Each structure stands twice: as structure tokens, then as C-alpha cells.
Amino acid sequence: MDGGLEHPAACHMLDVAAVAEVLLREGTPDLPSDRRDLFCLLIALHDLGKIGAQFRAMLRAGLKQNARHWQVTEAWLREEAMEDLLCERLGGTYLALRPLVAAIAGHHGGPPRDTAESQWRMRLDAGQAAAQDARCFVAACFDLWPRASLAGINEAEAMILSWRLSGLTVVADWVGSNPDWFPAAEPPTSAATYLAETRLRAAYAVEKAGLVASVPSATRLFDFALRAMQEAAASIPLRDGPTLAIIEDETGAGKTEAALLLAQRMLLASKGRGLYLALPTMATADAMFRRARDVARRIFVTPPSLTLAHGRAGLSVEFREVMARSGWSEDVICGPWLADSRRRALLADVGVGTIDQALLGILPTRFATLRIHALASKILIVDEVHELGNPYLATELETLLRLHAMGGGSAILLTATLPLEQRARLSRAFEEGAGRAFVEDMDPAYPVLSIPGGAAKRSFPDTVSPKGPVKIARLGSIDEGVALIAQASASGAACVWVRNAVDDAIASVEALRAAGVEADLLHARYAFADRKRIEAAALAAFGPEGGRRRNDGRGKVIVSTQVLEMSLDYDFDVMVSDLAPVAALIQRAGRLWRHMVRRPAAGRPVPAPVLHVVAPDPDRPADTRWLAEVQPRGAWVYELAEQWRTAEVLFRAGEIVAPGGLRALIEAVHGDDRVPVPDTLAAAEEVALGDAYAEAGLARMNIVKIAAGYRDGGGAADDRDYPTRLGQETRALLLTRRAPSGLVPWVEGESRAEAELLSEVSARATQFRDLALPDQSAPEIAAFTEGWPDWKRVNLTVCPVEEGGAICEGLRYDGNLGLLFQPRGRGDEP
DNA sequence: AATAAAAAAAAA
């Protein structure tokens, strides 16, 4: 038998190369055929390191190998004689070869990093016979992919290609390692006959895995009459090559549908083979998944695969339903192979998930290149881009767009309130990634649909939201807020008070109660189950079908924090809010008088929508204590200069006019020629600016170094060492209760894992500093955590909750108020 | 002194 094929690893390598062949044909953007053959040839060598005495010894006797087989793969391919052979046969230089070799060798999550000396040692350990076998196998592969060529690839291009090749290798390996699809067989008679056979298996396997891209359909997506922005998306001329489209319009203008219309046209123009819809939170991703189901089916000719990708995707009832029905559904499907891991979820025809799932691809984390590869063939749709405006996230997003464009991908960005400068930075990253000159577009038109380097639609019929402008009124104190809500609620108005800090929100609930007003409380410091319950109750009160009034006829009242800004479909008659940056206030104001068709102005208990902002007078001499007097805790949440500037601009404007007036408000606070702050706040602004630079710098440190290629620019760190978001450290508690059988999760779930997820509550780590949390080695807790992986034990503190809610001195939990930190020395009284 | 947000097993 020729070519070292008697070695079991040889068949596996050909299996994996055959899978890669099918994937390149069926699932990734087009690559010239000589590049495809080059990729297949190299991928066929990915497990070359298994050919060797050490690996055999490990398999037979369980001996420990000094180096892992994937490291040895690179060692063989970097051997001088081998490198010469490869360069000669492939018609290229070792400068182009080496980055690609590292890409296929590093298929276990990270790139190989061994020195020439240790690679020499690996070859020595493997033995002479192995060297002979390896060379034979490589020679046989040349004949299998005769068109493979390095011609025209220089070092810089090889660096760029290395990212995608690495990801492709991983996917091919995962598919090709499945024994159901590639059962062990007798050694074949020749490499060529074996490859011919296994190509059939590969085609079947790729289909079974759900990786054959569905064919896009030109079917009309929506049966309603398109609105202006949607019409624009359906008709704007697309440009050649990788395309970025930016849709800027107010909340509720139908941007998602516009993006889907545009995405469908991009698919039909072969700018991608699928979609990934990236959202800022898990909750918004869940909501998008619900909406995407029907339309996803219509975008494709055959039932497409549809996945939900985020940390708690398993809790989504809709996603579970799609998985359960995927064996026979004519609708959308998600087979077991795709559903098996979050990383794989990105490979589906239509993926919906958090932006973080995509961002992990540009951080040097384990299997990051799999994410890059999966996204490369997708139209990347990023929703609520304005939520990703902090320097760390923004820098990550720029990098993602740059890399996506480099790989030939297209993208659509959706936003309500993006500063022009931010829009320019994202556009620049994409255009530069696509290898084009960037022409800055500072046209302030709004709403707008623009394609950098291409067409733009800037004139829309002059529409004003049906509710008319939202008036701005200032309240000088908390007491005024209490009085206003008490009075409005008495007249039957549905009321909300948005506060910046959880403890301030709790204080407001107490103040309202003292004034005879009962209010619910919604923030993020609840066990997941309680938060879900309170959100559902709020939806029943303030949602489209909401009851809005209590039995006694008074309007329902809720006090909340920033969680309210996140796409929850509430409608309030009256809103009071702490001063917050203008973009946040615009989002909050979007929850005022939202459902005008169901609830026209005439039926409302107040004459007009007004946003009452609790803030000090911006004309009053402002110092660093300016805000703290009305917001004892919340004053620290946002940057002070931004807060003052918002007050100055918003109170002077006196109203929010959407959509026409939004751009001017945003630019006056965030733009290049923003309003200057008083001298007394200049120092605070300097500090904040410094912090922002530091954050962006940290992001640049953390992200993968694209130009350095996968070997030197990537990594295999634990995800937690390279967070997708910065923030103060938090600590997660797993609440439990005592049952006859021992500790059980605080709430029930369909499975133990689900019950645990639902019983988690997090808060800032510093708040626990002086608390004596339960000893985790106590017998009842040790019994509860038995069998947990280490990372889980490190990250979760199991806390038994007593009958009255006490956890330990100074800390208690209340299902309606959340996790409560109490002043010390007052015991457990509420 | 202080928000919300996300994330965690590989590939015989």
C-alpha cells in the first residue's frame, strides 16, 4: 500500500480533507479553485503528527506524549527537506507556506507556538520510520490535489488566509471525526480510491450536519405594505464586492424588516450564504429569534437551519421547539449536530444570538477561528449598534467588521442613535478591510440608509411620530417625582419611574409607598426566574394588551432601572426618569405613548407625552457634586460631563422630536463639535477621556492581531481572560433552599441545570466585600456542588436562603425586591 | 460612593 495509508490516521486525514472539499463547495464564499485545492491538500495533512512512534505508543499503552499530535504536525511540515518539497511542488515560498501550515496544525483550539528546537526534538522522538511515512503521505496528497498552488500568495496574504483556513480545518475535523458518518474501515488499496469513496461519505456527512447552505429564494418576504425605510432597503442599488449597509432610523420604524429585505437581496447577489443576527443582549436575541422564524423560512427555497446562540439559549422555549421538530419540520430546522455547541450555532443558515458570540471570534480564545469561519459566509446583521458604543466594545466591533470584509463578507448595521463619528469609524474599518479607500461621509441626514462607497437614500417623507414630540420637563428633586407619580396614578395613568441605580430604585419604591402608591420594581439584581416573572407581569400591565389599571381604578406604577431601555414592548402614559445620557433618554422616551394605534391620544389620562427628568438646573454653577444631590447613588453611573451636556442640550430644546430632531440631539452631546462643559467639570471630563482611551487601548491589546496571522496573532486563552465586555467584577450567587433531601435550587425547572440557571443572581463583587457568605465547604453545600466542573465552582457561590429570606448577616433575598444589601448591625429585619 | 450587559468540553 502506498503513501503510508496503512496508518489509521491517514484515512481520517483524507476523510477530513474530503469534508473540507464539500464545505468549500457548499458552505463558504467562493474561493478560486486552485486555492480550494491548496486548502484541501493542507487540511489533508492536519493530523500528520499522529504518524509517529509516540502517538502509537500513546494509543496502545496510554503513554503520555511529550507533544500533542497537532504540534508534531507542524514539526513535520517545518522540516527543511519537507518545506523544500512543498514549496517546490506548490510553486511558492516558505513565507507563504508557514502561516498556512500553522493554520491547519493548530486545529485543537489554538495555534502551535513551538520553537524550531523543540520541533526538532519532536521529530527525533517520532522516529525515522515516521519521517518516511509522513513524506510518503505528503507525496500521495500532491497527486490527489494536483492543482493546489501557492502561486500568487505572498506572506501578507497568507497571514490573512490563515484565519479562515484554521476555522475551516476545525469544522472539517469535527465533521470528519464523527464515527457515524466515517466508520473505521479496512486499509484501502490506494489513496485515490479511498478519497473517491470518502467523498461520497463527506457529502452525506456535511448534509447531515446541516452545513449545506440553503438556496436563497426571491419570494416576497412580507405581505404588508412596506414603510419608507423598508421600501428603501428593497430598492437601493447594491454595490460590487463586500457591502456594508447602515440603517439609521428611530425605534419602531421597522428597521429589522428593512434589514431582512436587504439581506435577502444580498444573498441573491451571492454576497453571502446565510445570516447572523447579532443583538446586544440575550433577551433581545430571544425576542428576535421568535420574529425570525417565519421570515427565515421565506428567505430560502428549502427549510433553512436556524439556531439561537447565547449563554442561556437552552432556556428558550421557541428554540427547544425548533430543535425537537427538526427531524420532520418543513419550517425551520436545527439538527443535533448544530445544536451541540454554541460555537457551532454560528454555522447555521440563519443564526440569531448575542454580538458577543461573534466578538469571541476576534479575541484570542479557544476555537475563535471556527467562529470567524462560520461568520465569513454570512451577512452579518448587527442590531442596536448604539448599544455597543463604549470604547472597548466599539473597538472590538471595528475589528470584527474589518476581518469580515477581508474575508469577502457583507454586513448590515442597524441603529437609532449613532454619533456620526462612530459611524465613520465603523465604515472605515469595513472599507479598509475590503481593501478600498475610505471616503468619509459626514452627511447628517436622518433617517438614512447608506452604503459606504455606494448609494445612499437620505430623503424620506417628512414623518413625525403619531404621538407628536415628547416634551421635556425638569423635576428638581425626588420628592417632586413622588408627588407627580402619585397624582398621575390617581388619575388612572400608567406610570414608570426610571432610576440609574438599583438602590435608588428601591428607595423610590419605598418613598412611593409612604405616599400611598404601590409600585412594582424591575431591575437586574433578581434571580433569573423572578426577573422573568416580574417582566411578564409588567408586560401584562403595560404591554400591547396591558390592563394598565388596578382594581381601584388607579394607574399601575413600576419603578425600574436601565433594563427598561432594552426592547421591552411597554407603553406608559407618564414617565419620570433620572438624568441620563441623551441616547439613553431617547430610548426611555420611546416607551412613552408607544402603542398609538391601540391607544390614541384622546383616550389617555394626560394630554401629551412628557418626559419628566429629575436633574439639577444646568445653569446653576455646576461642580463635581452637581448631580449627586438629586442622585445619591446613580450619579456615579454615567460620565458627569455627558450628563451635564445632556441636561444643557435637552432642557434648552424642550422636546424630543423623532425622527427629525434626533441627530442634532445626539451630535450636540457626542459629536465632534459638542457643547463645551463649564470649567468646573473640565477636569472630570479629562479623566473620563483618559479612561476611554485606556479602554480602547485594552481592546486593541486583547483582540487578535490580524496581520500577524493565526500563529502569532491568535491564541487559545480561556474565554474569561479575554472578556467581550469590560465592567466591574460581578459575583454570582446560586440561591438554594433546604428540602428533606438536602439543598435544592431556589426555583424549579424542567431540569436540574435549568433550575440552577433560573436561581442565579449577580451583583457587583465589591458589595459582598464585608459579608460572610456561606462556607462553600460546608457538607450540605459540598453535596450540592458535587460533580460540578471547576469553573462552575469558582464562579458560583451557593447560598441557602432561610425562610424569611436571610442569606447571611447584612444580606437577604426578596422575590419582589431582589438581592438586598442591608446596613450592618440591624440583623435580618426587612 | 455605582448600571447593565455576556461568558464557561472536544473532535478519537
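For clarity, every value in this text was computed on a predicted model and none was experimentally measured.
- Across all strands, A/Gly311 comes closer than 4.0 Å only to sugar-phosphate atoms, never to a base (heavy-atom distances).
- With B/dA8, B/dA12, B/dA10 as the choices, the nucleotide that has an atom nearest any side-chain atom of A/Arg366 turns out to be B/dA10.
- Comparing B/dT3, B/dA12, B/dA5 by their nearest atom to the side chain of A/Arg764 picks out B/dT3.
- Nearest to the side-chain atoms of A/Pro179 among the listed nucleotides B/dT3, B/dA12, B/dA8 stands B/dA12.
- Across all strands shown, A/Leu726 has heavy atoms under 4.0 Å from base atoms, whether or not it also approaches the sugar-phosphate.
- Of the candidate nucleotides B/dA2, B/dA7, B/dA12, B/dA7 has the atom nearest to the side chain of A/His310.
- Nearest nucleotide to the side chain of A/His108, out of B/dT3, B/dA6, B/dA12: B/dA12.
- The residue A/Val170 sits apart from the nucleic acid: no heavy atom pair falls under 4.0 Å.
- Closest to the side chain of A/Thr354, from the set B/dA4, B/dA7, B/dA12, is B/dA7.
- Within the structure, the salt bridge (Lys or Arg N to Asp or Glu O under 4.0 Å) test picks out the following pairs touching residues 755-768 of chain A (sequence neighbours left out): A/Arg312-A/Glu760, A/Arg752-A/Glu756, A/Glu756-A/Lys792.
- Listed nucleotides B/dA8, B/dA4, B/dA2 differ in distance to A/Trp636; the shortest reach to its side chain belongs to B/dA2.
- At least one side-chain heavy atom of A/Leu698 sits less than 4.5 Å from a side-chain heavy atom of A/Leu726.
- A/Gln728 comes within contact range of at least one nucleobase, with a heavy-atom separation under 4.0 Å.
- Checked against side-chain contact (heavy atoms from CB on, under 4.5 Å), A/Asn795 has the following partners two or more places apart in sequence or in another chain: A/Arg720, A/Trp791.
- Nucleic acid contact for A/Asn178: none, since no nucleic acid atom lies under 4.0 Å from a heavy atom of the residue.
- Residue A/Val637 has its side chain nearest to B/dA2 when only B/dA4, B/dA2, B/dA6 are considered.
- Spacing between atom CG of A/Asp356 and atom P of B/dA4 amounts to 17 Å, rounded to whole angstrom units.
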List the steps, then state whether salt bridge (charged side-chain N to carboxylate O under 4.0 Å, His left out) holds for A/Glu642 with A/Arg645. CA-CA 5 Å; A/Glu642 228 171 65; A/Arg645 209 176 268 124; over 6 Å; no
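- Residue A/Thr561 places at least one side-chain N or O closer than 4.0 Å to OP1 or OP2 of B/dA4.
- Among the atoms of the strands shown, none is found under 4.0 Å from any heavy atom of A/Asp504.
- As judged by a 4.0 angstrom heavy-atom cut-off over every strand, A/Arg625 is placed among residues making no nucleic acid contact.
- The listed nucleotides are B/dA12, B/dA6, B/dA4; the one nearest the side chain of A/Val502 is B/dA4.
- When heavy atoms are screened at a 4.0 angstrom cut-off, A/Arg633 is found touching the sugar-phosphate backbone but no base atom.
- A straight line from CG of A/Leu359 to C1' of B/dA5 spans 12 Å, rounded to a whole angstrom.
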Where do A/Leu42 and A/Leu165 land on the side-chain contact (heavy atoms from CB on, under 4.5 Å) test, with the steps shown first? CA-CA 9 Å; A/Leu42 291 172; A/Leu165 177 56; 4.1 Å; yes
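- Using cut-offs of 30° and 60° on the angle between ring planes, the pair A/Phe319 and A/Phe289 is perpendicular.
- Closest to the A/Gln357 side chain, of the nucleotides B/dA2, B/dA5, B/dA7, is B/dA7.
- Stacking between A/Trp791 and the base of B/dA8 is present: ring centres sit under 5.5 Å apart and the planes differ by under 30 degrees.
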